[in-house]
Amino acid sequence: MLHEILLSLSGHPSPLLREGRLAETAQPILSPPERDLLKTAAHLSELHRSLIKTTAQINASHGSVICRAVSNAIGSIHLAAFQRKILEVESSILRKDAALVGAYDIVPLTAVVGEFSDWTMRMEWLWDIVQFMLKKDKSGSRAGSQLMNKLRSEIQTGYADIEEAALSLARVAETAWLKQVSAWVLYGRVPSFGAQDFFIQVDTESDYGFRVDQKLLPAFVNASTVSSMLFIGTSLNHVRSRAGSESSVGGLSHLSSQLQELSKLTFPLDTAAFSRAITSIRQYLSQTTLQKLLPRDKVVEMLHLLREFFLLGRGEFAMALTQQADEKLRNRWHRADNLAYEKRDKLSTAVVKEGEVAAVLTRAWAVLASMQSEHAEEDEELERARDLIQLNLSMSSTTNSTSKNDNSPTDITPFGNLLFSVPVIMSLHVHSPLDLFLSTADVATYSSVNAYLLSIRRAHLRLTDLWKITSLRRHHPAPPRPPFSLKKAGQKKTRTLRDRWQDRSLTMRSTWTTSSAAIFFLAETEAYLQVEIVEGLWAHFEGWLIGTETPGSRPPTRPSTSHQQHAANSYEDQQPDVGDDDLWLEDGQTTRPASRQYPQPGLNSAAHRDPQTLSVAHRMYLGALTRRLLLTQPTFTDPLYSLLVHIDRLVALVHRLQGIWTALDLEADEGVVDAFSNLEAEETEIKAHIGQMENKVKKGVEDVVGVLRNLSIDSKFLAEMEGEELYSDAQEFLDDDPGRYIPKRVGGVDRLLMKLDFGGWFNSGVGAEDN
């Protein structure tokens, strides 16, 4: 009987200990306590056999390497220990150990079963773990990360034997996982076996060619560590892809020395210790290989290019692009009736082709090049921008794909519709290895900010251009001169021209009043956004970037061109007093140097920052920029967009009215008659539409100012603006860096509101000032 029990516990099926068989044979000869003891042995035997069978199945077919390692450890460690326990009990019986064998060589069944009492709960727990590995969730078989999380939670059960077993299996699981991590962070390779269970997945549509699957990530790994591991692996992939063609990049053999950082880790892995090991590997990689692959000077050059052209640091670029786009639209709408979109609620859809949009940018580059040729100096930054910046029609699918890895609310912005009346986006072609630093989502954010700032700048330019229409501001044509003006016909001609001018001047007075108020609003808003927000944040970020930013200091300002001087002077009467700062330039600068000279980072220890630190800081800078620009506040951007649309319509109507008046003058003075148009009826209709549009522009300005007032007293908005700089993941990543970047607090809605004081204009009619 004892031999049968021990064989059954060893994993051999016993007909005597089967549930039904035990009830039949044991009823007449065994007491109830003895039957209960045999049931316990039978249960333990059944668990042992089930574990042997199931672990073999997992070892052969499970998709997770970690689950296979744990399953193998269950058999090789715990089940083997159970087998040894059986042999020990059998050996004790054969040696007639007094602990098991009593008088007359009687072996109590209680003593034998009692030797395995500690194993019942442990085997049941092992069976639960095995069942957990076999159970499938919605995505398929269990992932290794889920198993590691469960084992870590089982350590806290409070039972010493379960804690010991969970610790042993957790060590095995995390060792297997760490081997996968080692292949990635030391050599940039996704594990060839069990890759579907690794948290780094190949994704050709993502920025880096890889993505992080959060479902496959263990709970003890924090977000900053994941970001570091993704950066390390993708960097090593770039190194390996370029090592064959560029010997200066160097190989990856030196990274094997960083294996000791991982070998020092103890199990179960500690979050802080693991994070420090990954950070050490990242910094070592940045100081060796990435110094050659991605020099910091290239990063600084790219950021300056984005500042100059996407954030409108070069005012002449915004003006040239706006002028060329308007010229293209005027050529398209060469007939007056094609401009009649003022009856609709939105801008009409012009049929603009991709090639025409690209041609506008090409002509804008030509205008800038002609400006530069006047100084006989080559502008390297302009040449880089010509090669990298593109202007394309924006498709909805493209817009969505650029933002799938980012939660930015600026992915889809309506301001891109204003330049050509169709969705247009300015993009940047990021060459390798700069894509390690600058992601597609970052470029999409820059594009949204560019469309936003350019739309305000464009509306400002179009309104100020109305004052260039001489016939609307002065007597045109001028009254006749003596001696003809002294004659009766000449006097009649003079009275006719004077009456005509008075009527038209009276018609335009309210238009000039509304346009002047809109220009004031746009000028102050643009100055606030460009000088206080964009320039303020960039100056601070640039100072941190080149290692010259210290508390209370300001980084050096940029040089600028004479064209920027002209652009700035055009705003002189409307810009706020900001001391020595200007919207586009510093006084006294008339030429742009041929090649920008950046401060040398080697002289400042604060400048030794690895590419990932720069990338995280850059994302914090972009996040602060979009929030401070109010681009993430639909309650502000929606009425502002409507106002810019109304301004566009008003400008188009004024141009149309000027064309009608010119035709009427030709008809009255020269006898040139257009038989296919009714100019008087058109004039009446256009005047009515201009009056309606003036009211809409005034109402639009009032709505935007009202939104700003509401935001200035919105505690939730103010709290968000005050705490916006500390992103949870970025802050966690930078907490250990004493020189970490924290965006500067600039601007403030109340500062803008103080400048937008329209007096009693909102409380009176548009033309009330004329009375």
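Since this is a predicted model, take the numbers as computed values, not measurements. Hydrogens, waters and symmetry mates are skipped; everything else that's a heavy atom, side chains included, is used.
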Student: So, does Ser280 use its side chain to make a donor-acceptor pair with the main chain of Arg276 at under 3.5 Å?
Tutor: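 Side chain of Ser280 to backbone of Arg276: no pair is present.
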
Student: Do the side-chain N and O atoms of Arg282 and Ser228 include a donor-acceptor pair separated by under 3.5 angstrom?
Tutor: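 The answer is yes; a qualifying pair exists.
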
Student: Would you say that Val704 contacts Tyr641 through its side chain, given a criterion of any heavy-atom pair below 4.5 Å between the two side chains?
Tutor: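 Contact flag for Val704/Tyr641 side chains = no.
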
Student: Taking the six-membered ring for Trp, are His540 and Tyr621 ring centroids under 6.0 Å apart?
Tutor: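 Distance test on ring centres: not under 6.0 Å, no.
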
Student: Run Met229 and Val221 through side chain to side chain contact (heavy atoms under 4.5 Å, CB included) and show every step you take.
Tutor: CA-CA 10 Å; Met229 287 191 287; Val221 183; 3.8 Å; yes

Student: Students often mix this up, so state it plainly: with edges at 30° and 60°, are the rings of Phe415 and Tyr452 parallel, tilted or perpendicular?
Tutor: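 If you compare the ring of Phe415 with that of Tyr452, the planes turn out perpendicular.
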
Student: Ser439 and Asp442: side-chain hydrogen bond (donor to acceptor under 3.5 Å, both in side chains), yes or no, with the steps?
Tutor: CA-CA 5 Å; Ser439 67; Asp442 294 339; 3.1 Å; yes

Student: If we only count heavy atoms from C-beta on, is the Gln201 to Phe210 side-chain gap below 4.5 Å?
Tutor: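 Gln201 vs Phe210: side chains apart.
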
Student: Under 6.0 Å between the ring centres of His304 and Phe541?
Tutor: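 Not close enough - the centres of the two rings lie 6.0 Å or further apart.
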
Student: Got Leu306 and Leu303 here, is their nearest side-chain heavy-atom distance under 4.5 Å?
Tutor: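 Yes. Closest side-chain heavy atoms under 4.5 Å.
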
Student: Compute whether any side-chain donor of one residue and acceptor of the other, for Asn222 and Thr225, lie under 3.5 angstrom apart.
Tutor: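 There is such a pair (donor and acceptor under 3.5 Å, judged by atom type) between the side chains of Asn222 and Thr225.
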
Student: Salt-bridged, Lys699 to Glu694, with N to O below 4.0 Å?
Tutor: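 Salt bridge: no.
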
Student: Just by modelled atom types, is the Val749 backbone N or O under 3.5 Å from a matching donor or acceptor in the Ser712 side chain?
Tutor: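 No; judged by distance alone, with no hydrogens or angles, the pair does not exist.
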
Student: Would you verify whether the NZ or CZ of Arg751 falls within 45 degrees of the ring axis of Tyr528 while also being under 6.0 Å from that six-membered ring's centre?
Tutor: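 Not flagged: Arg751 not positioned over aromatic ring of Tyr528.
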
Student: Taking atom types as modelled, find out whether Glu526 and His460 have a side-chain donor-acceptor pair closer than 3.5 angstrom.
Tutor: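 The answer is yes; a qualifying pair exists.
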
Student: Ignoring hydrogens and geometry beyond distance, is a side-chain donor-acceptor pair present between Thr513 and Arg509 at under 3.5 Å?
Tutor: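 There is no such pair between these side chains.
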
Student: Determine, for Lys755 against Glu532, whether the closest basic-nitrogen to carboxylate-oxygen distance falls under 4.0 angstrom.
Tutor: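 Result for this pair is yes, salt bridge flagged.
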
